[in-house]
Every structure is written in structure tokens, then in C-alpha cells.
2 protein chains.
Amino acid sequence: MTDQSLHGRIRAAILSLDLAPEQRLSERGLEPDFGASRTPIRAALMRLESEGLVQRDGKNWIVAPLNLEEIRVLYEFREILEAAAVRFAVSRASRDDLEELRELANSAEADETPEHSLDAGTSFHLELARISGNPFLEDTMRSVLTRLYRTRWLDVQSAESRGRVHNEHSAIANALLAADPAAAELATLEHLRGTETRLEQSITADRLRLRANGISLRSTATAQ
Amino acid sequence: MTDQSLHGRIRAAILSLDLAPEQRLSERGLEPDFGASRTPIRAALMRLESEGLVQRDGKNWIVAPLNLEEIRVLYEFREILEAAAVRFAVSRASRDDLEELRELANSAEADETPEHSLDAGTSFHLELARISGNPFLEDTMRSVLTRLYRTRWLDVQSAESRGRVHNEHSAIANALLAADPAAAELATLEHLRGTETRLEQSITADRLRLRANGISLRSTATAQ
DNA sequence: CTCTGCACTGTGGTATACCAATATGGTATC
DNA sequence: GATACCATATTGGTATACCACAGTGCAGAG
């Protein structure tokens with residue numbers, strides 16, 4: 001997860017919330033923080049913009065806001081992608097691929113830090129997309145998971161939630177190993193809906209705490 | 001379709017095949033062609049890279065190759081997106097939206113130039129994605145259609161093919177207006193599979209002519 | 001005290017200079 | 001004649017200078 005490139009370092013700062021959502025970024029202001037000059041910083045910001053982690057606010061740069069409506073839309077879109085991925089995976093993935101997937105599901109159990117759980121979950125879903133055999137499905141899944149990454153911090157705070165995610169991932173992997181597409185798709189949709197529900201509950205519960213840390217959640221679109 | 005920005009002008013040159021697939025682009029070499037200096041040209045190339053229209057070849061830039069395997073994968077991915085879009089559209093789109101969609105399907109009949117047919121088809125599918133109500137579905141559809149745009153030139157060369165596309169678009173719009181999701185999804189999948197089949201036949205038939213124009217079609221991946 | 005206007009500071013956008021790496025082509029040597 | 005080597009040109013990567021514009025705050029006039 002640690003990328004040495006400038007783009008990777010700024011990206012990590014955003015995903016870890018070191019750079020707060022909606023925080024204004026100036027190209028010259030980032031020079032001392034990241035030890036680079038404007039040109040590569042500007043290039044990194046443009047790339048981050050295409051990933052949805054940075055936006056323009058007028059002609060200024062800001063870290064992309066967290067947006068409840070966007071989360072809802074992303075989860076809806078993700079259901080389409082994940083359902084397609086499991087269908088393809090059943091018919092195409094090799095036994096080795098599926099066993100690696102189960103391995104990834106289980107690896108989340110050993111180390112129980114929230115951070116590890118978050119990255120393990122990302123790896124699981126990305127591997128699922130990869131073994132679907134369609135690179136564009138994989139790329140789009142990566143994009144969606146990236147946009148959801150910051151909010152998913154909330155879901156991995158409680159050990160109970162991490163355990164539930166682990167069980168659901170195992171259920172998906174097992175259904176795939178059993179070559180049961182209907183069961184795999186059902187387990188996947190249940191996982192997504194459960195995760196989204198828990199996430200929204202966390203947001204409601206933690207809203208005040210988030211605001212105390214300078215993080216606000218918009219409930220409507222911020223665009224114009 | 002005509003974008004005054006530098007990015008839009010280079011993009012148009014690529015999509016119209018004025019800049020041939022696999023052609024090498026040098027940042028300084030593009031300065032006189034587009035009347036801009038390296039910095040904005042470089043920014044445009046980076047953005048085009050994120051859209052899949054330009055790639056790196058080592059540290060050089062090239063116009064993205066046409067790739068048969070990639071077309072196949074894109075059509076497979078597109079089936080997922082379009083099927084989801086029609087399902088959402090049936091349950092969400094307003095009557096006005098659906099009638100505008102039918103309008104778009106019919107507008108392809110009046111002006112029969114290949115170029116117009118191509119852009120009208122793009123508009124139809126983008127509008128369908130828009131009225132699905134999920135902006136990420138729409139954005140991803142736009143990305144897929146962009147990547148397919150250059151190869152779709154082949155499909156709109158014959159008047160017969162243009163007429164068939166028009167009929168299929170009308171069938172989709174009518175099924176949506178009839179609020180029949182199963183018929184709409186079926187019509188969509190038939191349209192995609194028909195289009196892809198015709199496209200592959202065109203490619204096989206026109207391969208030599210394409211090569212004579214300096215355009216080659218790769219059948220395997222070109223990456224790394 | 002208030003309001004207007006101006007100077008200043010900071011912003012992104014652009015042009016350009018410099019660098020290291022690499023590809024190229026010619027020349028000298030064997 | 002073939003090959004090895006070196007000078008040179010061209011490339012992308014980076015740093016920086018300059019520009020126009022917008023936001024801000026202070027000062028002066030009323």
C-alpha cells in the first residue's frame with residue numbers, strides 16, 4: 001500500500017484522512033510538505049482528480065468531500081459490478097485462483113487492526129474482480145473501492161464488524177469454490193447491503209465525533 | 001462534439017483517426033500542431049492517458065492501439081453496464097426522459113452520414129445511462145464508449161448497418177416506454193451482440209484496407 | 001463611523017530553461 | 001567491410017519565472 005511516488009504519497013495522505021475532506025490544497029503549499037516542485041505536484045493532483053480523490057472548487061483544489069448520497073450511489077453501482085464478477089468467477093476462475101481468494105478472506109482474521117482489515121477487504125474484492133477475467137471490470141472495481149475507502153474506515157472500527165465482514169467474505173469464497181453462482185451472488189449482495197447498512201449506522205452514530213475532528217459529511221451533491 | 005480546449009482538440013484528432021493508432025507522440029512535436037507549449041500539452045496527454053486514448057510505450061507517448069481482445073472485453077463489460085442501465089431506467093426514468101430517448105433513437109434516421117450516425121449512437125447510449133439515475137454508471141459508460149469509438153467507425157460505414165442500429169435503438173426505447181424490463185434488457189443484449197458481431201466481420205473484411213491506411217489491429221495485448 | 005477604492009498577496013495557467021537518459025549516426029579502427 | 005565507440009540530437013522529467021486574475025485588507029474620503 002505504500003507507494004514511493006509523489007502521487008502515491010499524496011494519495012495515501014488523503015486515504016488516511018491526514019488530508020481532511022474538503023481541505024483546500026494549493027500547489028505551492030504542497031511543495032514543502034512533499035519535497036517536490038509544482039510541476040510534479042500539479043501532475044499528481046490532476047491524476048488524483050481523475051481518481052475522484054481531489055476536486056476543483058472553482059479554480060482551487062480541494063480534497064474530495066465525503067458525501068452520503070455519493071456513497072449510496074457507489075454502493076448501488078458496486079452491486080452491479082460485484083454481481084457480475086462472481087458470475088464470471090464461477091465460470092472462469094481456476095481452482096488456484098479461488099483458493100487464493102479464500103486465503104485472502106481468511107488472512108483478515110489473523111491481524112485484527114482496523115487498517116489491516118480495511119486493506120485486506122480491499123484486496124479480497126480486487127482479487128475477486130481480477131479472477132472474473134475482465135480487466136475493465138477490475139479497473140472499475142478498483143476505482144469504486146478507492147472512492148469508498150475513506151468512509152470504510154468507519155466500518156472497520158469495531159471488532160464485531162470486522163468479524164462479520166470476515167465471515168461474509170468466507171461465505172462468498174466458499175460459494176465460489178462450490179461452483180454455486182446463485183449462492184455466491186446472494187452472499188455477495190448480502191455482504192454489500194450489510195456493509196452499507198452498518199456504514200450508514202456508523203455515520204449517523206459518529207457524525208458528531210467526525211465533526212469534532214474537522215470532518216463533515218455532506219448529504220447532498222457538492223458540485224456545480 | 002467540437003471542444004475548443006487543447007485536450008478536446010487532441011482527443012478529436014485521435015477519435016477521428018487523424019492521429020493513427022500506435023503513432024508516436026512527442027510533447028515538443030505537438031507544440032506546432034496545436035499551437036501550445038509543452039506544459040498544457042503534457043497535461044492533455046496525461047488526461048488522455050487516463051481516458052485510455054493515449055498510452056506510454058516505455059517513456060514515450062503513443063496513440064492507444066486498436067486491440068481486438070480489448071474490444072471483446074469492452075463489449076462484455078458493456079453488456080453488464082447496459083443491462084443494469086435499462087433495468088434502472090424502467091423503474092426510475094420519467095416519461096419525458098424516455099420520450100427524449102426515443103427522440104434520440106429516431107434522430108439517427110434523418111441525417112445518414114456515418115459520422116452523424118456514430119455520434120447519435122453515442123448520445124443514445126449515454127442518455128440511456130443518464131436516465132438510469134446512477135452517475136457512476138453514466139461515467140463508466142462514457143469511458144467505455146470512448147474507448148470503443150474508433151472501432152465503431154467501421155460499423156457505421158454501411159447504410160444497412162446504420163439502419164439496423166436505428167431499428168434496434170428504437171426497439172429498446174419502445175420497450176422502455178412500455179415499462180417492460182425483460183424486453184428492454186433482451187433488446188439491449190441483442191443490439192450489443194449484433195453490433196459486436198457486425199464489427200468483427202467488418203474488421204476481418206477491412207483488415208487489408210485498414211493496413212493500407214497505416215492502421216493495424218492487434219489481436220493480443222500490447223501492454224507493459 | 002462607513003464606504004469606496006487601491007495596493008498587495010496568493011492562486012492557478014503557461015512558457016521555458018535545464019537535466020539525465022537514450023537513441024542515433026558517423027567515424028575511426030581492426 | 002565490419003564493428004566498436006563517441007559526439008550529438010531528441011526525449012521526457014523537473015524547476016522556475018512570468019502572467020493574469022481574484023480575494024483581502026487597509027487607508028483615505030465622505
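The analysis underlying the following values was restricted to heavy atoms, covering all of them including side chains, and did not include hydrogens, waters or symmetry mates. Just so it is clear: chains get the letters A, B, ... in the order the sequence lines come, proteins before strands, and each one is counted from 1.
Between L145(A) and R152(A), the shortest heavy-atom distance links the atoms O-NH1, 3.9 Å.
In this entry the distance linking CH2 of W61(A) with C1' of dG10(C) reads 17 Å, nearest Å. As a whole-Å value, the separation of E27(A) CD from dG13(C) P is 6 Å. If you measure from atom CG of N60(B) to atom C1' of dG13(D), you get 13 Å, rounded to the nearest angstrom. Whole-Å rounding puts the L6(B) CG to dG13(C) P distance at 13 Å. A straight line from CZ of R24(A) to C1' of dG10(C) spans 8 Å, rounded to a whole angstrom. Here dT11(D) presents its P atom at 12 Å from CG of L25(B), a figure rounded to the nearest Å. Atoms NZ (K59(B)) and C1' (dG12(D)) sit 4 Å apart, rounded to a whole Å.
R28(A) contributes no side-chain N or O that forms a donor-acceptor pair with the base of dG10(C) under 3.5 Å.
Salt bridge R28(B)/E31(B): absent, no basic N to carboxylate O contact under 4.0 Å. Under the 4.0 Å criterion applied to side-chain N and carboxylate O atoms, R162(A) and E115(A) are not assigned as salt-bridge partners. A salt bridge does not link R193(A) to E196(A): none of the charged side-chain nitrogens sits closer than 4.0 Å to a carboxylate oxygen. Salt-bridge check for D97(A) with R130(A): passed, with a basic side-chain N closer than 4.0 Å to an acidic carboxylate O.
Interface residues of residues 31-46 of chain A facing DNA chain C, ordered by number: R38(A), R42(A); criterion, heavy-atom separation under 4.0 Å.
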### Task
Starting from the C-alpha separation in whole Å, work towards a yes-or-no answer on side-chain contact (heavy atoms from CB on, under 4.5 Å) for Y149(A) and L53(A).
CA-CA 10 Å; Y149(A) 191 94; L53(A) 295 181; over 6 Å; no
### Task
Kindly determine whether E79(A) and T188(A) satisfy side-chain contact (heavy atoms from CB on, under 4.5 Å), including the steps that lead there.
CA-CA 8 Å; E79(A) 282 191 14; T188(A) 302; over 6 Å; no
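Stacking of R24(B) on the aromatic ring of W61(B) is not recorded, the 6.0 Å distance cut-off and the 45° axial limit not both being met.
Summary for the helix from dC1(C)-dG30(D) to dC30(C)-dG1(D): the axes at its two ends, each from 5 pairs, differ by 20° when rounded to the nearest 10 degrees.
Residues T146(A) and R11(A) bring a donor and an acceptor atom of their side chains to less than 3.5 Å of each other.
The phosphate of dG13(D) has OP1 or OP2 within less than 4.0 Å of a side-chain N or O from R56(B).
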